[in-house]
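Structure first, commentary second.
We count ligands from 1, going down the list as the structure has it; atoms in each ligand are counted the same way.
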Amino acid sequence: VDARSIGYTRVVFKTTISLPILILALASCSKKEDTKKEEPKPEPPKVALDAQAAAPAQPQIIKIEGMQTPESILFDADAGMYLVSNINGKPTDKDDNGFIARVSKMPGSKVVDEKWIDGAKDDVTLNAPKGMALLGDTLYVADIDAIRMFDRKTGAPKGEVAIKGAAFLNDLAAGDGVIYATDSGLDANFQPGDAQAVYEIKDGKAKALIKGKELGAPNGVAFRDGVLWVNTFVSGELYQVKDGKREAVEKLPKGALDGLEILSDGRFLVTSWEGQTVFHGKPGSWTAGPTIKSPADLGVDEANALMLVPLFEENRIELHELPRVAP
Ligand SMILES: [Ca+2]
Ligand SMILES: [Ca+2]
């Protein structure tokens, strides 16, 4: 468990910077008062101070190990928990061994319940959990060809919505009283087929908003200001789904897109396996962020200015500082 707990580099960094500045301030104060009576006090260690002041602020990365093919992270702010979906095996295998881990939010993030929801239990079915969304008291989890529901507080199973013809349900997003779901339509060899779709789930029923081979393998989905956004794993595109059509289609600088989040200030975050990064910006204007290998479906904790990234092929999650807004 100790290996999963994390450090406080940010706090240490701030402390080392502030101490010499404090000494300098005290030294200069006393110098003004005492110049007539005493000899000048020794200069503070100027070289050391300059060296510390010149040190660049290192981006803080918190790594939490112990995951098993993590695909998605969702911040449940009410619970103060980062939920991590763990496929634990292949993303298309119905092996009923997937699980949802609960990681306490920052500061002091650590795994508090590794298998909070556990497919290995008899009363829980969870094969290869991927995207998640919260709506009311319910946690929704995409799982190959079904969307499973759980009690948001206890994790107890609450049923499922099976989607006929679904092959690779991937990400979920909550809208106005509905859940949106992507189906990447990938087979076991990651080839996209007929099942590609974007669904709306309402009152326990799924309806395809758009479906077909030309969708580029829809992956991340986000809903903001009445607009439904989707990114794609195979074609590397971002687009809106509107009235059964793709609109405002654009390619990002790199492909194999996975996670999609829209921040409260309107900026988009898009993870790219090909770019090994998180792109941030707005449609038409993208900047690459930190290097992250196999970055899957990220979450955000805006109060702590963090993006929460599962490293699909590394069995860990990383918490990175949110990109700052350009001055
Ligand atoms: Ca089970
Ligand atoms: Ca995904």
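Between F190 and F233, the ring planes are tilted. Angles from 30° to 60° get that label.
Taken to the nearest 0.5 Å, the CD atom of E261 stands 7.5 Å off from the CG atom of D171.
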**OP:** Check the pair D301, K105 against salt bridge (charged side-chain N to carboxylate O under 4.0 Å, His left out), reporting the backbone distance first and the verdict last.
**Re:** CA-CA 8 Å; D301 174 357; K105 72 170 182 176; over 6 Å; no

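None of R246, K254, K251 except one satisfies the salt bridge (Lys or Arg N to Asp or Glu O under 4.0 Å) rule with E237; the exception is R246.
Distance check for A120 against the Ca ion (ligand 1): none of its N/O/S atoms falls below 3.0 Å.
Rounded to the nearest 10 degrees, the angle O (K121) to the Ca ion (ligand 1) to OD2 (D96) equals 170°.
In this structure, D203 places its CG atom where only 12 or fewer heavy-atom neighbours from other residues, nucleotides or ligands lie under 6.0 Å away.
Neighbours of the Ca ion (ligand 2) restricted to protein N, O or S atoms under 3.0 Å: the count is 4.
Placement of M81 and I317 in two distinct hydrophobic clusters is found when ILVMFWY residues are connected by side-chain heavy-atom separations under 4.5 Å, directly or transitively.
Using modelled atom types, one finds a donor on one side chain and an acceptor on the other under 3.5 Å when comparing K158 with T138.
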